[in-house]
There are 2 protein chains.
Amino acid sequence: MQVRVADDIRLKIETGTLGPSDQLPTLDELAADHLVSLAVARKAVDLLKQQGLVITIQGKGTFVRERPTARRHGIDRYAKSRWRSGQAILTAEAELQGHRAGQLIRELAETAAPAGVAERFKIPVGTPVWVRRRTTLVDDRPNQLADSYFELDVVNGTRIREDDTGPGGSYARLEESGFELDEITEEWSVRMPTGPESAALRLPAGTPVVDLFRTTFDTMGRPVEVMLAVIAGDMVQMSYRFKIPD
Amino acid sequence: MQVRVADDIRLKIETGTLGPSDQLPTLDELAADHLVSLAVARKAVDLLKQQGLVITIQGKGTFVRERPTARRHGIDRYAKSRWRSGQAILTAEAELQGHRAGQLIRELAETAAPAGVAERFKIPVGTPVWVRRRTTLVDDRPNQLADSYFELDVVNGTRIREDDTGPGGSYARLEESGFELDEITEEWSVRMPTGPESAALRLPAGTPVVDLFRTTFDTMGRPVEVMLAVIAGDMVQMSYRFKIPD
DNA sequence: TAGTGGTCTAGACCACTAG
DNA sequence: TAGTGGTCTAGACCACTAT
């Protein structure tokens, strides 16, 4: 029955009988209308929550979820001209799409390189590295937990260790230090968030996250930055364009 | 309490007290051990299922979920040398990683172009196009619902309309028809599966899916194929490498 | 047949929202 | 204060697995 009820509601949403942000019948009403117990009506709504179709707000009601306009991430956001002209990647990207970007620094510290990071730097796990942990915001909603790692000799004595990295951000500072940035590797996978991640990113139920490893190489092929980001899945859309290899 | 119980179990999993494919205590035991009702124990296990940490099998028990070895998708899978030598992309990719690939054709038909497809072909929504729907399998588990769309004049009279597209697959046939394949765009986003998708891909609870649009262009810049794939999120890992644009 | 998870009922009480 | 969703209990019965 719970599936019946859920399907009933889903149909109403998909056909537009219930539009975005519309309020669903209350649990009591759903139970009465479908001649089921309150627990079953609740279970049906839970199913829809898990599929990301509705959200519930205690004390208010159940509502059809609005699909947030996903931000498109294209590789143009890395264009050298942008950060050379003093614009941080984050800001450039958001503004291109009419959004307001922000960030909170969560931690600046020396730490032991975790496995995925060490592997990409080709150094032993546990080697001391510098980490810059931040939460990025789009229109005041947190959308990424982004941790950037650097080898110590790369950042010592630069503004990358500071709260404010200055115009153009870390990339601009790296270039000033003599690293000519050349290539980027992006590797990602998908999963459901852990409890703390759900809270930190204020994720609605039924929202997956994307794990993104971004490695930046200089012209010598040296990985100069490894970033590990956990991105809110409902706010991301990536796009890549490439030549078909021979 | 449900959260307490769930956290308790999660801790055991994360510390390795419970390893992959180990069986958890039964719901009755969990309830008794934590002095809660059966319903609460069940709710706790539900939470872990949603986070993809455990799976339940009716009649058998609850088990710590094994993380399937995600397949890495790199752009090398599109290398011309592969399909020119008669190897389909799907097969090449799987074999590179020691897996067995397969596919089931779900439908071959003329259909009206849906919005996302029409947009990428730059044709009006509803224009008749050819669609080739298939379910791809890796080691006998379905991992993608992949629908390839082609404009009619591109596929008429070719083996692309047939069940077996022949050596090298559609790409090889397109080249034979005089389309010189050149570039690909991949655009993806993430969401939770719908009910039918969950069933078709045999997704464990708490598994997201990836929506992938792949558009293949020829040297004239014409989009010759648009593929829309729904990929099981627990079996995918994508990687891209690119030069930093100027 | 015993043991496991899945669904459902009926009802108590709590937490949050809004007028 | 009334209305809403959230948590929890106690218990019945069903569906599937293994022996």
Side-chain angles (χ1 to χ4, degrees), chain A residues 1-10 12-13 18 20-66 193 195 198-199 202-207, chain B residues 1-10 12-13 18 20-66 193 195 198-199 202-207:
Chain A
M1 282 307 301
Q2 56 180 243
V3 177
R4 253 304 281 290
V5 177
D7 285 344
D8 244 49
I9 302 171
R10 187 185 302 111
K12 290 209 176 82
I13 294 174
L18 285 168
S21 81
D22 278 1
Q23 181 166 8
L24 270 66
T26 65
L27 292 176
D28 287 324
E29 286 167 352
L30 286 173
D33 291 353
H34 294 82
L35 302 174
V36 295
S37 71
L38 186 57
V40 170
R42 186 187 301 284
K43 203 75 203 302
V45 169
D46 277 350
L47 288 176
L48 298 173
K49 272 201 292 192
Q50 284 167 40
Q51 297 182 358
L53 286 175
V54 304
I55 57 169
T56 54
I57 305 177
Q58 199 179 59
K60 288 186 73 173
T62 306
F63 304 85
V64 177
R65 183 154 159 205
E66 306 191 54
S198 262
R202 291 200 235 120
L203 297 175
T207 307
Chain B
M1 283 308 301
Q2 57 179 243
V3 176
R4 253 304 284 288
V5 177
D7 284 345
D8 243 49
I9 302 170
R10 186 185 302 113
K12 290 207 177 82
I13 293 174
L18 285 167
S21 80
D22 279 0
Q23 181 166 11
L24 269 65
T26 66
L27 291 176
D28 286 326
E29 285 167 352
L30 286 173
D33 292 354
H34 293 83
L35 302 173
V36 295
S37 71
L38 186 58
V40 170
R42 185 186 302 283
K43 203 74 204 300
V45 169
D46 278 349
L47 287 175
L48 298 172
K49 271 201 293 191
Q50 284 168 39
Q51 298 182 358
L53 286 174
V54 305
I55 56 170
T56 54
I57 305 177
Q58 198 178 58
K60 289 186 75 173
T62 306
F63 304 85
V64 178
R65 181 153 159 205
E66 306 191 55
S198 261
R202 291 199 234 122
L203 297 175
T207 307

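Both backbone and side-chain heavy atoms feed into the values below; hydrogens, waters and symmetry mates do not. Values in this document were obtained by computation on a predicted structure and should not be read as measured data. In what follows, chains carry the letters A, B, and so on, assigned in the order in which the sequence lines appear, proteins first and then strands, with residues in each chain numbered from 1.
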Could you tell me the separation between the [atom1] atom of [X] and the [atom2] atom of [N], rounded to a whole number of Å?
X	N	atom1	atom2	answer
B/Q2	C/dA15	CD	P	14 Å
A/D28	C/dT9	CG	C1'	15 Å
A/E29	D/dG5	CD	C1'	13 Å
B/R4	D/dT7	CZ	C1'	16 Å
A/L30	D/dT4	CG	C1'	12 Å

With sequence neighbours excluded, residues passing side-chain contact (heavy atoms from CB on, under 4.5 Å) with A/P25: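 A/P25 satisfies side-chain contact (heavy atoms from CB on, under 4.5 Å) with A/E29, A/L30 once adjacent residues are dropped.
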Report yes if a side-chain nitrogen or oxygen of A/K60 is closer than 4.0 Å to either non-bridging phosphate oxygen (OP1 or OP2) of C/dA18; otherwise report no.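 Result: yes.
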Under 4.0 Å between a side-chain N or O of A/T62 and OP1 or OP2 of D/dT4?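 No, outside the criterion.
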Note, A/L18 side chain near A/V54 side chain (heavy atom, < 4.5 Å):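 In short, these two side chains do not touch, never coming nearer than 4.5 Å.
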Student check: side-chain heavy atoms of B/T207 and B/R65 closer than 4.5 Å: yes
Range-with-range stems of DNA chain C (Watson-Crick or G-U pairs under 3.5 Å, three or more in a row): C:1-18 with D:1-18
Pick the closest DNA chain C nucleotide for A/V3 and for B/L27 by heavy atoms, then say which residue is nearer the 5' end. B/L27
Over all atoms of both residues, closest heavy-atom pair of A/A41 and A/A31: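 Closest pair (atom of A/A41, atom of A/A31, distance): CB-N, 3.8 Å.
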Testing the basics here: between B/Q23 and B/G61, what is the closest heavy-atom pair and its distance to 0.1 Å?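 Residues B/Q23 and B/G61, closest heavy atoms: NE2-CA, 3.5 Å.
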How long is the straight-line distance from CG of A/D33 back to CG of A/D28, given to the nearest 0.5 Å?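 Nearest 0.5 Å value for the CG-CG distance: 10.5 Å.
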What distance do B/K12 atom NZ and B/L24 atom CG have between them, rounded to the nearest 0.5 Å?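 With rounding to 0.5 Å, NZ (B/K12) is 8.5 Å from CG (B/L24).
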Contacts under 3.5 angstrom, residues 43-53 of chain A side chains, donor-acceptor by atom type, not counting sequence neighbours:
unit_1, atom_1, unit_2, atom_2, d
A/K49, NZ, A/T56, OG1, 3.4
A/Q51, OE1, A/R10, NE, 3.3
A/Q51, OE1, A/R10, NH2, 3.0

Residue whose nearest DNA chain D nucleotide is more 5′ - B/G59 or A/Q23: A/Q23
Within residues 47-58 of chain B, residues whose heavy atoms come under 4.0 Å of DNA chain C: B/K49, B/T56, B/I57, B/Q58
Members of residues 33-44 of chain A that approach DNA chain D, where some heavy atom sits under 4.0 Å away: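 Within this stretch, A/R42 sit under 4.0 Å of the strand.
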Salt bridge (Lys or Arg N to Asp or Glu O under 4.0 Å): which pairs involve residues 54-63 of chain B, sequence neighbours left out?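 Every candidate salt bridge (Lys or Arg N to Asp or Glu O under 4.0 Å) pair involving residues 54-63 of chain B fails, so no pair, neighbours aside, qualifies.
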